[in-house]
Amino acid sequence: MANGNTIQRNHKDTVFHDLFSDKRNALSLYNALNGTDYEDTEGLEIVTLSDAIYMHGKNDVSVLFQNQLALWEHQSTLNYNMPLRGLIYYAHNIDGILESKGIKLYGKKLIKIPAPDYYVFYNGSEKAPDRQELKLSDAFLVPKEGYEWTAHMLNINGDRSRNLLKQCPALEGYVKLVEYVRDYQKAGGSLAEAMDKAVDRCIAEDMLKEYLLKKKSEVMLMLLTEFDEEVFAEVMRREGREEGREQGREEGREEGREEGREQGREEGREQGEDRVNQLYSKLMEEKRAGDLKRAIQDKEFRNILYKRYNL
């Protein structure tokens, strides 16, 4: 899972993906977005591509229903490249669907494909309108008629998109869960403590209750993955820098030269960040939620784990 100084975002380890890979929740969100009231999930397929095939070229959830390919993506940061990313997601999904059916594109007969419907659900901390229609053509270096792709970006924070959230309890529960984590962090709690309190509060308020009671430990790991851009990565960078500075000072003192101290600090910083990332990745991969929570907060415990994993 670790690669250099980053943790790869594994889609199976996010709450958004996990929730809406359930056909009932997917149908509920589809109905809420399209103003429909379908009840039978029989004709709905979850066709999200595998991480093993497209680690960086796939969206969070892909749903094939009513001759449409619905692409859903959760974002905690504003990103105006989402139309281009969505086009790539759609192409990869269509490629996978055609390949699974053994369909080739080299004959004269027109191949019919599912129509796209692409939504980005934004719940980051930056201000954004309730809804934005992001156009691929805005990125063209020169104007070009006849080529377009649209990302419907919905702000699902707080009181935004209330009608949508009311119509889809799973999405409302997800939004509240993330909101509570942030609230508890602002109150001074650690990420691990904030997640624990947020999960318990959602259960007490009967939001995602059955899901959270069944999968609390897994949800904690998934939340860590979803918070990597906002909080988790910064925690790792800070801890890596601190450990790197310590290691760099030691190496610099041994060399006894200013140049050696500077080089030692830089190399130590990079090695420290990499080691922290590798440790957290291993704990996430092994689903050791308790040890991961403790490692984030307890430096001495991290040192014990470093030795155990030969890091």
Side-chain angles (χ1 to χ4, degrees), residues 8-14 16-75 79-122 131-154 164 167-168 170-171:
Q8 292 176 349
R9 183 168 178 258
N10 192 332
H11 288 69
K12 69 183 179 183
D13 289 332
T14 67
F16 185 89
H17 168 86
D18 196 55
L19 272 173
F20 294 104
S21 291
D22 180 295
K23 285 189 174 184
R24 294 170 301 174
N25 291 336
L27 184 59
S28 174
L29 183 52
Y30 180 93
N31 282 332
L33 290 169
N34 293 279
T36 53
D37 57 359
Y38 294 107
E39 297 180 357
D40 188 1
T41 62
E42 187 65 28
L44 184 147
E45 293 182 68
I46 306 295
V47 293
T48 312
L49 294 170
S50 166
D51 283 337
I53 300 174
Y54 291 113
M55 176 62 75
H56 300 293
K58 52 166 287 191
N59 58 298
D60 285 316
V61 181
S62 300
V63 174
L64 191 59
F65 187 60
Q66 294 296 307
N67 294 318
Q68 289 191 79
L69 179 58
L71 306 170
W72 299 334
E73 180 80 356
H74 158 256
Q75 286 283 300
N79 186 331
Y80 294 100
N81 292 311
M82 295 312 293
L84 179 55
R85 285 175 56 177
L87 180 60
I88 294 171
Y89 298 153
Y90 179 70
H92 285 169
N93 273 270
I94 289 295
D95 185 54
I97 291 170
L98 295 180
E99 185 174 347
S100 70
K101 296 180 178 181
I103 297 175
K104 304 298 180 182
L105 299 177
Y106 304 108
K108 291 184 177 180
K109 184 179 178 181
L110 179 65
I111 303 298
K112 296 287 189 175
I113 59 175
D117 196 23
Y118 178 45
Y119 280 90
V120 178
F121 301 94
Y122 169 72
R131 180 176 180 128
Q132 297 181 76
E133 301 296 314
L134 305 182
K135 304 290 186 179
L136 180 65
S137 59
D138 291 338
F140 294 169
L141 291 173
V142 295
K144 188 72 174 180
E145 296 291 335
Y147 295 88
E148 192 58 272
W149 177 270
T150 304
H152 312 295
M153 182 179 286
L154 305 181
L164 176 68
Q167 295 175 53
C168 183
L171 185 62

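Residues passing the side chain to side chain contact (heavy atoms under 4.5 Å, CB included) test with Ala70, sequence neighbours excluded: Val63, Trp72. By the ring pair (Phe, Tyr, Trp, His ring centres under 6.0 Å) test, Phe16 is found to be paired with Phe20, His74, Phe121, Tyr174, residues two or more places apart in sequence or in another chain being considered.
Pairing each heavy atom of Arg85 with each of Tyr118, the nearest pair is C-OH, 4.4 Å. Asn81 approaches Asn79 most closely through the heavy-atom pair N-OD1, 2.8 Å. Among all heavy-atom pairs drawn from Asn93 and Ser62, the shortest one is OD1-OG, 2.9 Å. Annotation for Asp60 and His17: closest pair O-ND1, 2.7 Å, computed over non-hydrogen atoms.
Atom CG of Leu33 sits about 6.5 Å away from atom CG of Leu154, to the nearest 0.5 Å. Here the OH-CG distance, from Tyr119 to Leu164, works out to 8.5 Å after rounding to the nearest 0.5 Å. Between atom CG of residue Leu71 and atom OH of residue Tyr89 there is a gap of 9.5 Å, rounded to the nearest 0.5 Å. To the nearest 0.5 Å, atom CE of residue Met82 and atom CD of residue Gln75 are 4.0 Å apart.
Here salt bridge (charged side-chain N to carboxylate O under 4.0 Å, His left out) pairs that include residues 133-153, with residues two or more places apart or in two chains, are Arg131-Glu133. For residues 32-44, the set of pairs meeting the side-chain hydrogen bond (donor to acceptor under 3.5 Å, both in side chains) definition, not counting sequence neighbours, comprises Asn31-Thr36, Tyr38-Gln66.
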Which pairs of donor and acceptor atoms, one on a side chain in residues 98-116, lie under 3.5 Å apart (sequence neighbours left out)?
unit_1 : atom_1 : unit_2 : atom_2 : d
Ser100 : OG     : Gly96  : O      : 3.4
Ser100 : OG     : Ile97  : O      : 2.7

Which side-chain N or O atoms in residues 22-30 pair as donor and acceptor under 3.5 Å with protein atoms at least two apart or in another chain?
unit_1 : atom_1 : unit_2 : atom_2 : d
Asp22  : OD1    : Arg24  : N      : 2.8
Asp22  : OD1    : Arg24  : NE     : 3.3
Asp22  : OD1    : Asn25  : N      : 3.4
Asp22  : OD2    : Arg24  : NH2    : 3.2
Lys23  : NZ     : Leu44  : O      : 3.0
Asn25  : ND2    : Leu19  : O      : 3.0
Tyr30  : OH     : Gln68  : NE2    : 2.9

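Leu136 is not listed as a side-chain neighbour of Tyr147, based on a closest heavy-atom distance of 4.5 Å or more. Using a 4.5 Å heavy-atom cutoff, the side chains of His152 and Asp117 are in contact.
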